[in-house]
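Please read all numbers here as calculations on a predicted model, not as lab measurements.
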Amino acid sequence: KGTVLVNNSDRPVKWMFDLSMPNIALEDGILKFVHPSGTPFVVMGGNTSKGIEGIIEPEKSQAVSIIFCPKSPGVHEVLVPVILDNDDKPYQYIQIYAEMKSPRLWFDPLAIVLTPVPLLTEVSSEFTVLAAQYFKKSGIVVELPEVECEDGSSICPLTISWLETSEIRPCNGDEGQMEPCALPCKVTFSSPKPISFCAPIKFIDDENRVFKLNVTATADNCLLTCY
């Protein structure tokens, strides 16, 4: 991306992007101003200049390109004052907004609360795993929680079943896929021992990114609990 400065006057105009205000994106090289050829502008030092500058002859223009080189996902914003002919006040401002998105999963609903049931009785709930910003296909590995019972033993009372597929298709939006990839799923709970818990199910993609869905469940033979 970039912008073009045009001199419509009959005299040369000196321009400058004031970069004197501290900004992490500029200081760390996340955002860089370059010539159309790709050559970086030199940030001038000393007391006479506070940023990149140049002179535009009458009826000429100056193209300024911006390179975005993020080190990690996130949003970066910069408001750059444009100074003409060493004026004390900015002629206008250039607002730069850049974002690097990371592949992500989320869930509908955001958490699951299952109805309390008697021992050895199944209860289940359907939900949807939603994926976005994946540039290539990815599988999902599910890691179920182990829950400690009152007697000190541990059990895994949850099971997961995919209603269609567990493969994430490319869905980064670059080819018009505005809707996220939806993967219908079902969680089932059953326990042979009295237990009550809230624990996360972990969904892990091929790049070992971990996304969690909290599930709350209770199994008991007490009539007050079950009915």
Side-chain angles (χ1 to χ4, degrees), residues 1-108 110 130-138 168-182 205-211:
K1 298 293 184 178
T3 187
V4 177
L5 307 177
V6 180
N7 182 5
N8 290 323
S9 69
D10 57 359
R11 62 180 181 81
V13 173
K14 181 180 179 181
W15 63 274
M16 181 184 71
F17 288 180
D18 187 353
L19 308 179
S20 60
M21 296 297 294
N23 186 280
I24 294 178
L26 295 175
E27 294 170 359
D28 292 350
I30 297 173
L31 291 170
K32 300 177 182 179
F33 295 98
V34 298
H35 292 277
S37 63
T39 305
F41 282 96
V42 178
V43 179
M44 307 299 291
N47 298 323
T48 59
S49 179
K50 299 179 292 183
I52 61 173
E53 61 183 0
I55 296 177
I56 306 176
E57 297 297 329
E59 304 299 328
K60 299 294 183 180
S61 62
Q62 171 67 61
V64 180
S65 298
I66 301 170
I67 295 179
F68 181 45
C69 303
K71 300 176 182 178
S72 60
V75 175
H76 302 275
E77 294 185 77
V78 181
L79 190 64
V80 180
V82 180
I83 308 295
L84 298 183
D85 293 329
N86 296 322
D87 198 350
D88 293 334
K89 295 182 180 181
Y91 174 74
Q92 65 178 29
Y93 293 86
I94 294 178
Q95 184 174 11
I96 303 170
Y97 177 93
E99 179 180 7
M100 178 183 178
K101 295 182 177 180
S102 173
R104 65 188 184 103
L105 298 181
W106 70 101
F107 309 94
D108 182 20
L110 298 177
L130 299 166
Q133 301 304 319
Y134 279 84
F135 288 84
K136 60 182 180 179
K137 291 181 180 180
S138 176
I168 303 171
R169 57 172 171 77
C171 50
N172 62 348
D174 288 348
E175 298 180 1
Q177 319 98 320
M178 300 306 295
E179 297 294 329
C181 177
D205 66 13
D206 288 348
E207 299 296 327
N208 292 321
R209 287 178 285 255
V210 179
F211 307 89

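From N23, atom CG reaches atom CG of L79 across 10.0 Å, with rounding to the nearest 0.5 Å. Between the NZ atom in K32 and the CD1 atom in I66 there is a gap of 13.5 Å [rounded to 0.5 Å]. Note that CG of L130 is 9.0 Å distant from CZ of R104, once rounded to the nearest 0.5 Å. The line from CG of L84 to NZ of K14 is 11.5 Å long, rounded to the nearest 0.5 Å. Rounding to the nearest 0.5 angstrom, the gap separating the CE atom in M21 from the CG atom in L26 is 11.5 Å.
With sequence neighbours excluded, no residue forms a salt bridge (Lys or Arg N to Asp or Glu O under 4.0 Å) with K60. Residues satisfying the salt bridge (Lys or Arg N to Asp or Glu O under 4.0 Å) criterion with D87, sequence neighbours excluded, are absent altogether. Under the salt bridge (Lys or Arg N to Asp or Glu O under 4.0 Å) criterion, E207 pairs with K136, sequence neighbours left out. Qualifying ring pair (Phe, Tyr, Trp, His ring centres under 6.0 Å) partners for F33, counting only residues two or more places apart in sequence or in other chains: F17. Under the rule for a side-chain contact (heavy atoms from CB on, under 4.5 Å), the partners of A98 that lie at least two apart in sequence or sit in another chain are L31, F68.
Between P90 and V82, every side-chain heavy-atom pair lies at or beyond the 4.5 Å cut-off. Counting only heavy atoms from C-beta outward, the side chains of L5 and V13 never approach each other to under 4.5 Å. Residues V64 and Q62 form a side-chain contact, since some pair of their non-hydrogen atoms from C-beta on lies under 4.5 Å apart. S65 is not listed as a side-chain neighbour of H35, based on a closest heavy-atom distance of 4.5 Å or more.
In terms of heavy-atom proximity, I30 sits nearest to P70 at CG2-CA, 3.9 Å. Nearest heavy-atom pair, S9 versus R11, reported as atom, atom and distance to 0.1 Å: OG-O, 3.0 Å. Between P12 and D85 the shortest heavy-atom distance is O-OD1, 4.4 Å. Here the closest non-hydrogen pair linking A131 and W106 is C-CZ3, 4.1 Å. A pairwise comparison of heavy atoms in F211 and L105 identifies CE2-N, 3.3 Å as the closest pair. Looking at every heavy atom in both residues, R209 comes nearest to Y134 through NH2-CE2, 3.9 Å.
Under the side-chain hydrogen bond (donor to acceptor under 3.5 Å, both in side chains) criterion, the residue pairs touching residues 88-102 are Y97-E99, with sequence neighbours excluded.
Of the possible polar contacts, one joining the S138 side chain to the D206 backbone as a donor-acceptor pair under 3.5 Å is found. D18 places a side-chain N or O within 3.5 Å of a backbone atom of S20 that can act as its donor or acceptor partner.
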